[in-house]
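Take a look at the structure below.
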Amino acid sequence: MNNGKTGAVFLIGAGPGDPDLITVKGKLLLETCDVVVYDNLVPDELVVSLPYGREKYYVGKRAGKHCYSQEDINHLLLKLALEGKNVARLKGSDPLVFGRGGEEAKFLKKNGIKFEIVPGLTSGIAGPEYAGIPPTDRELSSFVLLVTGHKAREKEASNVPWDWVARAKGGTIAVYMGVTEINRIVSTLLESGMNPETPAAVIERATYPSQRILTASLKTLPSVVIENKIKPPALFVFGETIRLQPVVEWLSHKPLLGLRVMITRAADQSQDMYRNFRWLGAEVMTYPTIATVPFHDRAAWQSLREIRSGTKWLAFTSSSGVRNFIDQFTENFGDIRRLAEYRIAALGSGTARILSRYHLQPDFIPSRSVVSEFAAQLCDKVGGADSTVLRVRGELSDKTFERILSERKLPVLPLTVYRTLFTEWPDDFKDKLFEFPPSVIIFTSATTVDGILKNMSIDEFRQLAQQATVISMGQATAARLRQMGIKIALEPRGQSIQSLIDELSRHLKSER
Ligand code: SAH
């Protein structure tokens, strides 16, 4: 925001992959800065979960397209700060460990721009720990070396004293950026006298549920890397503590390990879903096809003010409805206590859960989580025609509810509090999707289904869906999927994330 002042740049470490590994400070800054500039090793979820419309720049590598050079990045940071914006410069793992954050800091200092450094967990420490390899151990390892494998091929271009590294016994050595150089690294270490039987490990995609850990000896490591087609990002680890790995490893016990779950609903409503799946070991693929933004229906709020008599009911059918309503209610009426005049009806336990975050208890929840049932049962509950039901809705919500109430001659006032927009995925998202396709795809509304077609053709969608377990929540969602010829594997009966996960687990077991 340009108020004549210059902005500041925050060099933030995002952690190595698991989005929960960013620091509290990093996350707070990410959420509040005006603009985000991020690299390719930054976990997608951190960027996808930013509020809709946040200014952001991807400055990582992209195949066959224009890339930002370090100089371009420096100048972009400068330009944004001079525009008065606070910039979150988000980098993979730690910003200054093999991250070139130091160069950006120097450049900013030279140009008089304020900056702060927010450390992150470096992959060379966090990666082994997620793999069950302690970096230090009282008996086995008394130091840790973080080494770059970059340019190991051109001995003269590398500043690493490899012959010295080879003699560094009694510690743990983590080699970054070494995948293409592994043959050269290992032969240099062997030539310099390192024991060929030294325990070695490679950790690919560390801290993601899809991380792979392969153990070997120094001598056999290159063939293990080739046979298993290891791809970056990957780390090599050498040292005796690798022997502890079978005992210390902890990730492989997670029940949903191996599942790749694509979640299409709006990111700001999906945080619990992302986290629940991830904590159980699933790889969460954050592919929101829609986003919700507030919508202010001034005429409807005015009509609400003019209701003088009878009981007023609020009918909520979604968490976005609840959140936006509460925000707008307090903007309009100033004081949350004015809500005491209303009775509250909520469809589904997810909606009720969001209400409980505001310390509100619904007076009525229908026995089945279907809009038509909700409307019919609410009619019986509300009774007299002097009552008014406020239907809190999104712009695209269907009109079944209003229709049923009108048929029963009950006054209903639709109050639109949010709009749904289709989101366009960043450039590289679609390629990644087809390279590593999901094993489960979750749709939570008909609009999430429509939204997917803003990002791919119907044939591509069918191809993706054919190889996956498609989960559909809600009747309208299922209808839309069927219209498109998509086979639905599961329509969970419950509405909560827990029941979704339970039903999915049962379904997958029965398929085996
Ligand atoms: N600043 C980063 C390093 C960037 S250099 C840090 O502090 O870790 C890029 C290298 O980091 C990769 O080639 C790989 O060796 C390592 N790396 C980063 N993230 C990784 C991950 N999730 N799994 C394995 N290695 C990773």
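Just so you know, ligand 1 is whichever comes first in the structure, and atom 1 is the first atom listed for that ligand.
The distance from ligand 1 to the heavy atoms of D94 drops below 4.0 Å at these ligand atoms: 1 (N), 2 (C), 6 (C), 7 (O). Less than 4.0 angstrom separates some heavy atom of R205 from each of these atoms of ligand 1: 22 (N), 23 (N). Every atom of ligand 1 with a heavy atom of I203 under 4.0 Å away is listed here by number and element: 24 (C). When each atom of ligand 1 is checked for a heavy atom of S93 under 4.0 Å away, the hits are 2 (C), 6 (C), 7 (O), 8 (O), 19 (N). Taking every non-hydrogen atom of V97 and a distance limit under 4.0 Å, the qualifying atoms of ligand 1 come out as 1 (N), 2 (C), 3 (C), 6 (C), 7 (O).
From the protein, the heavy atom lying nearest to atom 10 (C) of ligand 1 is M177 CG, 3.6 Å. Shortest contact from atom 14 (C) of ligand 1 to any protein heavy atom: A234 O, 3.3 Å. For atom 7 (O) of ligand 1, the closest non-hydrogen atom on the protein side is T122 OG1, 2.7 Å.
Under a 4.0 Å heavy-atom criterion, G92 is in contact with ligand 1. Residue contacts with ligand 1: L235 is included, with a non-hydrogen atom under 4.0 Å away. The closest approach between a heavy atom of G17 and any atom of ligand 1 is not below 4.0 Å.
Side-chain polar atoms of Y68 and Q70 form no donor-acceptor pair below 3.5 angstrom. R205 and S210 are linked by a side-chain donor-acceptor pair at a separation below 3.5 angstrom, with hydrogens and angles left out of the test.
With respect to K219 and E197, a salt bridge is recorded, a charged nitrogen being found less than 4.0 Å from a carboxylate O. A salt bridge is defined here as a Lys NZ or Arg NE, NH1 or NH2 lying under 4.0 Å from an Asp or Glu carboxylate O, and E116 with K25 meets this definition.
Here the shortest heavy-atom distance to atom 11 (O) of ligand 1, taken over Y130, F98, Y176, belongs to Y176. Counting only non-hydrogen atoms, the option in G101, G149, P128, S123 that gets closest to atom 19 (N) of ligand 1 is S123.
Every N/O-N/O distance between L121 and ligand 1 stays at or above 3.5 Å. Close N/O approach between G124 and ligand 1 is not found [any backbone or side-chain N/O within under 3.5 Å].
Residue contacts with ligand 1 for L41 involve side-chain atoms from C-beta outward but no N, CA, C or O (heavy atoms, distance under 4.0 Å). With a 4.0 Å heavy-atom cut-off, ligand 1 is reached by the backbone of A206 and by its side chain too. At a heavy-atom cutoff of 4.0 Å, ligand 1 is contacted by no atom of P95, backbone or side chain.
Using a 4.5 Å heavy-atom cutoff, the side chains of E45 and V48 are not in contact. Annotation: side chain of F434 is in contact with side chain of M456 (closest heavy-atom distance under 4.5 Å). Here the side chains of I442 and L500 are in contact, with some heavy-atom distance below 4.5 Å. Between F238 and P199, every side-chain heavy-atom pair lies at or beyond the 4.5 Å cut-off. The closest side-chain heavy-atom distance from I488 to L490 is not below 4.5 Å.
Residues T148 and V160 share a closest heavy-atom pair of O-CG2, 3.5 Å.
A distance of 6.0 Å or more separates the ring centres of Y274 and Y287.
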